[in-house]
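Some notes on the structure that comes next.
When a ligand or atom number is given, it counts from 1 through the structure's own listing order.
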Amino acid sequence: MVELGKKISTEMIKRVKTYCDQHKDKQVEFYCYDCRVTFCMSCYVVRHNNHKSCDIAEISAQFYQNVEEDVGRVIKITGECQKEAQYLEKIQTEFLSDVDAVKKRIKQDTDKLREFLDQQELKLLGDLVEIKKTNMERIKHRMHDVCQHISMLNNFKQYITEVREKATPADVSRIGCSLHDRANELHAIPYDVDFVLDTIHYESDDFAQKYQCTDQSKNLIGCVSVMPQLVEGTAHQNQGVNNGDEIPSSQLQANASSSAEVTEIKGKF
Ligand SMILES: [Zn+2]
Ligand SMILES: [Zn+2]
C-alpha cells in the first residue's frame, strides 16, 4: 500500500505482485513466448505446458537489461544527431557567407564593366562631337561668305538701278567703266557647288552578335557554378535525398567528415 499522491519508486514497482486473469487468487509466475501472455501455475498445466515458456523474473530481467541498452543507444544517437545539427548550422553559415562574397564580387565586376562601357560611350560621343564641331564651323564660314555675297549683289543692284534712273549721260559716262568692272568682280566670286559636309561613318562592333547570339551561356562578367564534389575519387552522394531511411551513425560521421572536406575545397575557391 502506498499513500495517495506519493511517488512510487521503481524498486517498489518491481516488487508489486500481479495476479492471474483466470485465477484471481494466484500470482502470475510465467511468460509464454508462443501466446505472449503471463499466467499462473494452474494455467501452465491447462494451456501452456507444451509451449515455450519461462519464469517472469527471468524475462523481466532481460527486459530491464534491454531497456538499459536501448536508452544508452538512444542517448548516443541523440548526441550524434545534435553534432550533425551543429555541423549543418556551421556549414550553412559558411555557405551563406560564400554566397554573399560571390555576390559582392559579381557586383564589383559589373560596376567595373559598367564604368568601362560608360568610358567607351563617352569616347565615341566625344569623337562624334568633334566631327560635328568641325563641320558646323565649315558650314558656318561658308554660309557667312554666301550671305556677304548676296548682300553685295543686292547693294550693287540697287545702286545701278538708281544710276540707270537718275544719272545724267555725263555721270554715266564718268562712272560707267568702273561700274562694269565692279559687276565683273561680283560675277567672279565663285559658287562652291561642290561644298559638302563630312559623311559620318559608324562601324558597330556588333556587340550583341559577339556576346549574346553566338553563345547564350557566355557572360561578359564571368560565370557562377559549383565545384564538383569529389570524395575519395567518387561523386559525393547527397544524403538529403534518402527517403527517411535511418542512416547508421557510422555513415553519418563519414558523410559529415567528407562534407567538411568539400567545404575546405570551396573555401579555397
Ligand atoms: Zn491462471
Ligand atoms: Zn502458451
Close side-chain approach of Cys43 and His23, heavy atoms under 4.5 Å
yes

side-chain contact (heavy atoms from CB on, under 4.5 Å) assessment of Tyr202 paired with Leu128:
CA-CA 9 Å; Tyr202 172 59; Leu128 189 62; over 6 Å; no

Once rounded to 10°, what is the value of the angle centred on the Zn ion (ligand 2) between Cys35 SG and Cys32 SG?
100°

State which residues pass side-chain contact (heavy atoms from CB on, under 4.5 Å) with Asp111; sequence neighbours excluded, sorted by chain then number.
Lys107, Arg114

Under a 3.5 Å cutoff, is there a donor and acceptor pairing between the side chains of Asp171 and Thr168?
yes

Atom of His51 nearest the Zn ion (ligand 2) (restricted to N/O/S, atom name only):
ND1

For N/O/S atoms only: which one belongs to His48 and is nearest the Zn ion (ligand 2)?
ND1

How about Asp70 and Arg73: do any of their side-chain heavy atoms sit closer than 4.5 Å?
yes

Is it true that Arg105 and Asp109 have a side-chain N and a carboxylate O under 4.0 angstrom from each other?
no

Would the Phe39 and His48 ring centres measure less than 6.0 Å apart?
yes

Are there any protein N/O/S atoms under 2.8 Å from the Zn ion (ligand 1), and if so, which?
Cys20 SG, His23 ND1, Cys40 SG, Cys43 SG

